[in-house]
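Report on one structure; see the data block that follows.
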Amino acid sequence: MPDPGSPLGILGGTFDPVHLAHFALARAALDRLGIAQVRWIPAGHPPHRAVPQATPEDRLAMVRLAIAAEPRFVLDASEVSSSAPSFTVHTLERLRRTFGPAKPLVLLMGADAFRGLRTWHRWEEILGLAHIAVATRPGFPLAALDAALSDLFGRCRLASADFSQEPAGGIYPFELVAGTVSATEVRTLVAAGAPDGKLRELLPAPVLDYIRQHHLYRT
């Protein structure tokens, strides 16, 4: 059981399906960012994306299979079947009620998501609820931020991945080699009849097995 004061990583997403880039981000949080546990939170109705192709039950099952071998990964099924929009600020407020005001929370995301942060619902409140760890590609640090986001990044940037000093408020960028795989690419390849050898480069093996057994993303 992680120490009550240790940082908790939060990885939300549609996970339609969960793929190896998701897994690499969560693994980096454990191995490189001093995060004791990563909470995977599949979204029910992501407001900025199309309706997921897989059912909530299938997406939940795939995440459960993907993370089963790592005891520091925890599945949070609170939102996947909800009819309400899955806004990140609501998720963080829920976790604050659960873990209290002193628990360091670290929202994990890629650079593309961070660049779009100002389009998120009540985005100004997010850093009051959690830190943000932003994964960038090697050789491509965060750039092309608009003025408001650049100012926020400059004021809140952490010099190191020490999230334990405060419960929220910091931004830490770090390089991550995770490939360019996307869920859209995976669905397209499955629908096109791509061989398992290709798909195993993009998906955890139990997830590919589940997709095949349940005939997901075929059309």
Side-chain angles (χ1 to χ4, degrees), residues 7-16 18-35 37-43 45-50 63 73 76 79 85-96 103-185:
L8 173 67
I10 301 156
L11 183 56
T14 308
F15 302 126
D16 188 29
V18 57
H19 52 66
L20 289 179
H22 296 133
F23 203 88
L25 177 54
R27 173 58 64 184
L30 298 179
D31 295 344
R32 296 171 51 195
L33 303 185
I35 289 172
Q37 187 181 84
V38 174
R39 199 172 187 92
W40 294 65
I41 309 178
H45 292 274
H48 299 298
R49 296 177 180 268
V63 174
F73 289 160
D76 183 332
E79 300 177 15
S86 297
F87 290 120
T88 298
V89 69
H90 294 167
T91 298
L92 295 175
E93 287 174 335
R94 174 175 63 83
L95 294 174
R96 274 279 161 237
K103 179 75 168 178
L105 302 180
V106 184
L107 184 62
L108 307 171
M109 67 176 69
D112 288 346
F114 182 74
R115 281 193 288 267
L117 185 68
R118 292 210 308 130
T119 67
W120 293 20
H121 180 59
R122 292 167 50 197
W123 73 275
E124 304 97 329
E125 301 174 41
I126 288 175
L127 278 175
L129 295 163
H131 300 290
I132 300 176
V134 186
T136 66
R137 287 187 296 151
F140 293 89
L142 281 176
L145 301 177
D146 64 42
L149 200 55
S150 179
D151 176 68
L152 180 73
F153 182 52
R155 288 187 288 108
C156 299
R157 181 171 184 170
L158 298 175
S160 66
D162 185 2
F163 300 109
S164 62
Q165 300 303 307
E166 299 289 343
I171 302 172
Y172 181 71
F174 67 102
E175 290 188 345
L176 176 64
V177 179
T180 57
V181 58
S182 71
T184 300
E185 177 188 2

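Heavy-atom basis, side chains included; hydrogens, waters and symmetry copies ignored.
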Which heavy atom of Leu108 sits nearest a heavy atom of Ala29, and at what distance? CD1-CB, 3.8 Å
Quick one: pull up CG in Leu176 and CZ in Arg27 and give me the separation to the nearest 0.5 Å. 12.5 Å
Which pair of non-hydrogen atoms, one from Asp16 and one from Ala183, has the smallest distance, and what is that distance? O-CB, 3.6 Å
Is there a side-chain contact between Arg96 and Pro167 (heavy atoms, below 4.5 Å)? yes
Mind checking whether Phe153 and Pro173 have side chains closer than 4.5 Å, heavy atoms only? yes
Between Pro104 and Ser164, what is the shortest heavy-atom contact and its length? CG-CA, 4.1 Å
Within 6.0 Å of CD in Glu166, more than 12 heavy atoms from elsewhere: no
How many angstroms lie between atom CZ of Arg137 and atom CG of Asp112, to the nearest 0.5 angstrom? 8.0 Å
Shortest non-hydrogen contact from Ser160 toward Tyr172: C-CE1, 3.5 Å
For atom CZ of Arg32, is the number of surrounding heavy atoms from other residues, nucleotides or ligands below 6.0 Å larger than 12? yes
For Leu8, does its backbone N or O pair with a side-chain atom of Arg39 as donor and acceptor, under 3.5 Å? no
From His90 NE2 over to His121 NE2, what is the distance, rounded to the nearest 0.5 angstrom? 4.0 Å
Mind checking whether His131 and Phe163 have parallel, tilted or perpendicular rings, split at 30° and 60°? tilted
What is the minimum heavy-atom distance between Leu11 and His22, and which atoms define it? CD2-O, 3.8 Å
Please report the interatomic distance CG(Leu107) to CG(Leu117), rounded to the nearest 0.5 Å. 8.5 Å
Under 30°, 30 to 60°, or over 60°: which ring-plane class applies to Phe15 and Trp40, parallel, tilted or perpendicular? tilted
What distance do Leu142 atom CG and Arg115 atom CZ have between them, rounded to the nearest 0.5 Å? 6.5 Å
How long is the straight-line distance from CD1 of Ile171 back to CG of Leu152, given to the nearest 0.5 Å? 4.0 Å
Correct closest heavy-atom pair for Ala133 and Val106 would be CB-CG1, 3.8 Å
Using the rule given for side-chain contact (heavy atoms from CB on, under 4.5 Å), can you reason through Leu30 versus Phe73, listing the C-alpha separation, both sets of side-chain angles and the distance that settles it, and then say yes or no? CA-CA 9 Å; Leu30 298 179; Phe73 289 160; 3.4 Å; yes
Is any side-chain heavy atom of Leu105 closer than 4.5 Å to one of Leu129? no
Applying side-chain contact (heavy atoms from CB on, under 4.5 Å), run through Arg94 and Glu79 and close with a yes or a no. CA-CA 10 Å; Arg94 174 175 63 83; Glu79 300 177 15; 2.9 Å; yes
Answer whether the closest heavy-atom distance between the side chains of Phe114 and Leu149 falls below 4.5 Å. yes
Go through the steps to decide whether Leu95 and Asp76 satisfy the test side-chain contact (heavy atoms from CB on, under 4.5 Å), and finish with yes or no. CA-CA 10 Å; Leu95 294 174; Asp76 183 332; 4.0 Å; yes
